[in-house]
Each structure stands twice: as C-alpha cells, then as structure tokens.
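Inspection log for the structure reproduced underneath, given as structure tokens.
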Amino acid sequence: MVQFKKLALPDKGTGIEIKKGKLNISDNPIIPFIVGDGIGLDIINASMIVWNEAVKLAYNSKREIEWFEIFAGEKAIEKYGEPLPEDTLKAVQYFKIAIKGPLTTPVGGGYRSLNVSLRQLLNLYACVRPVKYYKGVPSPLKNPEKIDIVIFRENTEDVYSGIEWEEGTEEAKEVIDFINKEMGTKLEYDAGIGVKPISRSKTKRLVRKAIQYAIDNKKGSVTIVHKGNIMKFTEGAFKKWGYEVAVEEFRERIITEDELYDQVKAEDGVTPVLKKGVFKSLRGGKPAGNPGGRIVIKDRIADQMFMQLLTRPDEYEVIALPNLNGDYLSDAAAGQIGGLGIAPGANIGDTVALFEPTHGSAPKYRGLDKVNPSSMILSGVMMLKYIGWIEAAELIEKSLEKAFIDKKITYDLARQMEGVNPIKTSEFARAIVERMK
Ligand code: NAP
C-alpha cells in the first residue's frame with residue numbers, strides 16, 4: 001500500500017485501478033480532494049452535500065465515495081511548509097482521480113502557479129471543458145439551449161511553453177541575429193520573441209483523447225479547430241496530425257467530412273446539402289454516406305469557429321484545439337451559457353484526471369457563504385460521469401436545473417435578473433438536494 005508522510009488514508013474504501021486500459025471502480029472508491037484557497041471551503045462544503053446525496057439516492061445507499069483530503073496552497077503551507085507537497089502529487093497519481101478547489105497564485109515570493117505546476121507534474125495534457133446550457137440561467141444568447149459542446153484544449157505546448165525573450169536583451173538579439181542571418185528573415189531588432197512549438201506527438205495524444213471521448217459518449221462529430229491558413233507548420237500541422245490520428249487509429253469508427261461529402265454526392269448524383277454540420281442526402285433521412293453513424297471528423301479555422309459558436313452552436317459536439325485558441329474559445333463558450341461561475345473543467349492525462357472549477361479563488365468572498373458553487377458541483381458531475389456513475393451525475397444536473405428554473409440562485413446570477421433575491425452558497429446546495437427527491 002502507498003505510504004504518505006503526513007496523510008492518513010480513510011479507514012474504508014478502495015483505490016481506483018486501471019485494468020486493460022479501463023477504470024476499475026468499486027462501490028466505495030477513495031477519491032482525494034483539495035479544498036483550495038479563498039472560496040474553496042465555501043464551494044467544496046456545498047458541493048460535498050450535493051455529490052454525496054446524489055450518490056446515495058441514485059444507488060439506494062449501495063455506493064459511497066470515501067473522500068480523502070490532500071493538501072495544496074495555503075493549507076499545505078500550514079501543514080508541510082510548502083504549497084505543493086510530494087504527498088499530494090503521490091496521492092493523485094496513486095488514486096488516479098482527484099477533485100480540487102481553486103488555488104491562489106501568490107504574487108511575488110517566487111511561486112509559480114500551482115495549477116500550472118499540477119498540470120505539468122502530473123502530465124495532464126488535455127484541458128476538458130463541457131459547455132452546456134441549463135434552463136433558468138441568464139445568458140446573452142437567444143437560444144443558449146443549442147449549446148452542448150465539449151472542448152478539448154491542448155494543455156502543454158503552443159505559445160504557453162514559456163519560451164520567450166524580452167525585446168532588447170542579449171538573448172533576443174542573438175535569436176534575431178541567427179534567424180536573420182541563417183534563415184534569411186528580416187526581423188526587427190527591437191522585437192520581443194516568443195516560440196510556438198506544436199508537436200506531432202502532443203497533438204495526436206490530444207486529438208486521440210477527443211475522438212475516444214466522442215466514441216465513449218456517443219457524440220456525432222469531432223471538430224479540429226486551427227489557424228492553419230496563417231500558421232501552416234504549427235496550427236496547420238495540428239489539423240493535419242489530427243486527421244492523421246483519426247484515420248490511422250479510428251478508421252472503422254470515423255468518416256471525414258470530405259469523405260462524407262463525396263459519398264453523399266456519389267449516391268445522389270447531385271451536390272448534397274449541409275444540414276446540422278452533416279451532409280444530408282437529398283433523398284432525406286440519415287446521411288446516406290455515413291453508414292453506422294460514424295463520427296464525422298471536420299475542421300474549422302479558429303475565427304470561423306468563434307462565429308459559428310454564436311450562430312450555429314448545435315452543429316458542434318466535441319472540439320479539439322491547440323492551447324492558445326483553446327483558452328480563448330473555452331471562456332468565450334462559457335460566457336454564452338452563463339459565465340465561469342457555472343462552467344466545470346478537468347485536466348486529464350493518460351492515467352490521471354484532476355477535476356476543478358474554471359474560476360479562481362475569489363479571495364474577497366472567502367467564508368461569506370455567498371459565491372456560486374455550480375462550477376465546482378458540475379466538475380463533480382464530470383467526475384461522476386468519468387467513473388461511470390451516470391445516474392448520480394444526471395440526478396445532480398436535473399436538480400440543479402430545477403433550482404435555476406425556480407430562481408434559487410446565488411448573487412452572481414441574481415444580479416443579471418430583475419427582482420430575484422440571491423440565496424447563500426449553502427442554501428443553494430440545500431435547494432438542489434430538496435429537488436432530488
Ligand atoms: P477569480 O478568482 O475567478 O475571481 C474573479 C471574479 O469572478 C470574482 O471577483 C467574482 O466576480 C467572479 N467569481 C469567481 N468565482 C465565482 C463564483 N464561484 N461565484 C460567483 N462569482 C465568481 O479570478 P481572479 O480574481 O483573477 O483570481 C484570484 C486567484 O485565483 C488568483 O490568485 C488566481 O491566480 C487564482 N486562479 C486560480 C485558478 C484555479 O485554481 N484553477 C483559476 C483562475 C485563477 P465579482 O467580483 O464580479 O462578483
């Protein structure tokens with residue numbers, strides 16, 4: 001059994017294992033959690049009430065999560081004298097799945113972002129963000145219910161790799177000199193320089209994960225989003241390698257948009273029409289060229305994708321994209337369904353998954369029992385779906401939606417509506433639980 005310096009394992013429960021590439025979950029899995037800083041305690045307390053009650057009701061008390069507290073951020077500094085102790089990394093690696101509250105990044109003091117460190121040290125290369133509308137939530141869109149998308153953002157490379165040199169430094173000059181002399185470019189000497197690496201292997205593992213997700217969750221399409229018309233060997237290559245992994249590894253399960261187009265055209269003898277992102281035969285019914293309802297692999301240029309997310313979001317189900325555009329698109333999409341306060345997230349690697357709300361630690365609201373715990377609650381819903389406890393996950397989603405419809409909402413959503421009195425974080429959790437029965 002795994003040994004920790006300062007952590008006491010729960011008396012009951014078993015660790016999650018991976019057997020033949022599949023998660024092996026008992027009725028009492030041990031799942032580590034990190035409370036987080038700032039509002040972390042407010043939202044995790046509320047979420048635990050909701051998660052535990054849903055599991056109990058969905059499985060007639062036959063299943064129960066054995067929560068195991070591990071530490072990062074301020075609580076870790078108190079206990080270990082450092083913000084990200086080895087115990088914590090070891091526990092997440094060993095138990096495969098964990099959930100965390102937001103962590104404050106101390107300004108100064110030489111600490112890097114704990115969130116970034118966790119992702120890098122645990123090799124959590126896919127940032128997964130489901131974007132789904134729940135009735136009753138104020139949205140800037142006319143038809144927000146058309147959105148039900150899962151975004152897979154590459155988490156480790158692109159311009160986020162941190163390779164850059166400040167304008168005027170020796171390093172920047174040396175790099176510019178080298179490129180100008182050896183590569184024939186004409187870069188200005190007063191430029192700052194950043195490097196944008198996008199690799200074949202890291203692109204493929206991300207797109208592979210997105211396609212596997214689409215298969216496991218019976219989604220109809222995966223869209224590779226890129227800016228390859230301008231950045232051919234990075235963004236363009238992302239698209240090329242994305243299609244490559246689809247065709248090489250999932251040939252029997254996928255059809256590319258071009259193939260579908262050609263097949264439908266051949267069957268009808270006329271140009272097919274594009275409906276809901278799929279080429280429909282003019283004879284109607286199911287797309288003629290898509291036998292067995294294969295997953296359609298398509299690609300869109302990033303600027304187009306931003307527009308279509310607003311105008312035709314129901315044509316997209318799973319989206320895979322590089323780091324920078326993924327960062328922009330996930331927040332833009334979250335804004336369409338009510339903001340970061342209700343958008344959940346996860347960072348997932350080959351064997352480990354860490355679920356977390358998308359917002360930060362909002363320190364000014366700490367302990368006020370005021371903020372919206374939905375992002376945290378829904379990150380738990382993602383986790384329940386990930387371990388296959390679908391009934392509990394769906395029970396939470398339905399009850400949460402009922403609470404929104406009944407205008408049982410926290411201040412952040414109430415201020416966007418007229419004449420609605422906000423309720424507290426803990427009251428919101430109780431409102432959800434009351435609607436489970
Ligand atoms: P933030 O904590 O997300 O808060 C910004 C604003 O968003 C809050 O002032 C509040 O808006 C609103 N908000 C956030 N969470 C909310 C919730 N649950 N319910 C209702 N409203 C919510 O962003 P920040 O102030 O930029 O960052 C604070 C700290 O968190 C920083 O140290 C940052 O590094 C860290 N951070 C951590 C993570 C993470 O752990 N994954 C992510 C992002 C940031 P109003 O003031 O308008 O009410």
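Worth saying up front: this structure is predicted, and the values here are computed from it rather than measured.
- A side chain to side chain donor-acceptor pair (under 3.5 Å) check over residues 422-437, counting only residues at least two apart or in different chains, returns the pairs D369-S426, D406-R435.
- A salt bridge does not link K202 with E154: none of the charged nitrogens is closer than 4.0 Å to a carboxylate oxygen.
- With sequence neighbours left out, F355 forms a ring pair (Phe, Tyr, Trp, His ring centres under 6.0 Å) with Y386.
- The CD1 atom of I30 lies 12.0 Å from the CD1 atom of I65; values are rounded to the nearest 0.5 Å.
- Side-chain N or O atoms of S139 include none that pairs as donor or acceptor with a backbone N or O of I337 at under 3.5 Å.
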Intermediate values then yes/no, side chain to side chain contact (heavy atoms under 4.5 Å, CB included), S374 and F404: CA-CA 10 Å; S374 300; F404 289 143; 3.6 Å; yes

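- Between the CG atom of N347 and the CG atom of N115 there is a distance of 8.5 Å, given to the nearest 0.5 Å.
- The salt bridge (charged side-chain N to carboxylate O under 4.0 Å, His left out) test applied to R208 returns E249, not counting sequence neighbours.
- Under the rule for a ring pair (Phe, Tyr, Trp, His ring centres under 6.0 Å), F306 has no partner lying at least two apart in sequence or in another chain.
- To the nearest 0.5 angstrom, T14 atom OG1 is 9.5 Å from F95 atom CZ.
- In plain terms, the two heavy atoms of E164 and G194 that are nearest each other are CB-CA, 3.8 Å.
- One N or O on the side chain of D158 and one on the backbone of L324 form a donor-acceptor pair closer than 3.5 Å.
- In this structure, the side chains of M305 and Y316 come closer than 4.5 Å at one or more pairs of heavy atoms.
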Side chain to side chain contact (heavy atoms under 4.5 Å, CB included) between M383 and I31, worked out: CA-CA 10 Å; M383 186 188 78; I31 299 189; 3.8 Å; yes

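- Checking N323 against R153 by side-chain atom types alone, a donor-acceptor pair falls below 3.5 Å.
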Audit row: L400, V50, side chain to side chain contact (heavy atoms under 4.5 Å, CB included) steps and yes/no: CA-CA 9 Å; L400 183 86; V50 173; over 6 Å; no

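- Side-chain atoms of I348 and F152, non-hydrogen and from C-beta on, never get closer than 4.5 Å to each other.
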Please tabulate, for the side chains in residues 212-222, all donor-acceptor contacts under 3.5 angstrom to protein atoms that are two or more places apart in sequence or on a different chain.
from : atom 1 : to   : atom 2 : distance (Å)
Q212 : NE2    : D216 : OD1    : 3.0
N217 : ND2    : Y213 : O      : 3.0

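- Looking at residues two or more places apart in sequence or on another chain, you find a side-chain hydrogen bond (donor to acceptor under 3.5 Å, both in side chains) between S199 and E157.
- Note on E74 versus R366: salt bridge recorded, some NZ/NE/NH1/NH2 to OD/OE distance being below 4.0 Å.
- Within the 4.5 Å cutoff, no side-chain heavy atoms of I295 are placed close to those of F250.
- Under the 4.5 Å side-chain criterion, counting only non-hydrogen atoms from C-beta, E257 is in contact with R300.
- In this structure a side-chain-to-backbone donor-acceptor pair under 3.5 Å is missing from S161 to I163.
- Side-chain atoms of T256 and D258 include no donor-acceptor pair closer than 3.5 Å.
- A salt bridge links D27 and R63; the closest N-O separation between the charged side-chain nitrogens and carboxylate oxygens is under 4.0 Å.
- The stretch residues 32-52 participates, sequence neighbours left out, in these side chain to side chain donor-acceptor pair (under 3.5 Å) pairs: N52-W67.
- Residues that satisfy the ring pair (Phe, Tyr, Trp, His ring centres under 6.0 Å) test with Y125, not counting sequence neighbours, are absent from this structure.
- Residues V207 and Y243 have side chains not in contact (no heavy-atom distance under 4.5 Å, counting atoms from C-beta outward).
- Within the 3.5 Å criterion, the main-chain N or O of K5 finds a donor-acceptor partner in the side chain of D87.
- No side-chain heavy atom of T203 sits less than 4.5 Å from a side-chain heavy atom of H226.
- Shown here are the salt bridge (charged side-chain N to carboxylate O under 4.0 Å, His left out) partners of E235, two or more places apart in sequence or in another chain: K196.
- The minimum heavy-atom distance between I255 and R251, with the atom names listed, is CA-NH2, 4.1 Å.
- T104 OG1 to I39 CD1: the interatomic distance, rounded to the nearest 0.5 Å, is 9.5 Å.
- In terms of the salt bridge (charged side-chain N to carboxylate O under 4.0 Å, His left out) criterion, residue partners of D331 (sequence neighbours excluded) are, by chain and number, R129.
- Residue I43 comes nearest to P357 through the heavy atom pair CD1-CG, 4.2 Å, listed as atom of the first residue, atom of the second, then distance.
- Heavy-atom contacts from other residues, nucleotides or ligands closer than 6.0 Å to OH of Y59 number more than 12.
- One finds a salt bridge joining E397 and K385 here, because a Lys/Arg side-chain nitrogen approaches an Asp/Glu carboxylate oxygen to under 4.0 Å.
- Heavy-atom contacts from other residues, nucleotides or ligands closer than 6.0 Å to CD of E69 number more than 12.
- Contact check for K227 versus D303: side-chain heavy atoms found under the 4.5 Å cut-off.
- Scanning for salt bridge (charged side-chain N to carboxylate O under 4.0 Å, His left out) contacts around R253 gives an empty result, with sequence neighbours left out.
- Using a 30° and 60° split on the angle between ring planes, Y411 and Y365 fall in the tilted class, from 30° to 60°.
- One distance of note links CG of N143 with CG of L310; it measures 12.0 Å at 0.5 Å rounding.
- The CZ atom of F238 sits 7.0 Å away from the CD1 atom of I224 when rounded to the nearest 0.5 Å.
- Judged by distance alone, the side chain of K132 and the main-chain N or O of V150 form no donor-acceptor pair under 3.5 Å.
- Applying the ring pair (Phe, Tyr, Trp, His ring centres under 6.0 Å) rule to Y94 yields no partners; only residues at least two apart in sequence or on another chain are considered.
- When atom types are taken as modelled, the side chain of K90 and the backbone of Q3 share a donor-acceptor pair closer than 3.5 angstrom.
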Step-by-step side chain to side chain contact (heavy atoms under 4.5 Å, CB included) determination, L413 to V137: CA-CA 7 Å; L413 299 180; V137 176; 4.2 Å; yes

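- Within the 3.5 Å criterion, the main-chain N or O of L84 finds no donor-acceptor partner in the side chain of T88.
- Other residues, nucleotides and ligands contribute more than 12 heavy atoms inside 6.0 Å of the NZ atom of K204.
- The shortest heavy-atom contact between P102 and H359 is CB-O, 3.7 Å.
- Smallest separation of non-hydrogen atoms from P29 and W389: CD-CH2, 3.5 Å.
- Closest non-hydrogen pair, G335 versus P140, comes out as O-CD, 3.5 Å.
- Here the side chain of E64 pairs no donor or acceptor atom with the backbone of E66 at under 3.5 angstrom.
- Using a 4.0 Å cut-off between a side-chain N of Lys or Arg and a carboxylate O of Asp or Glu, E356 and R119 qualify as a salt bridge.
- In this structure the side chain of M436 reaches within 4.5 angstrom of the side chain of I396, judged on heavy atoms.
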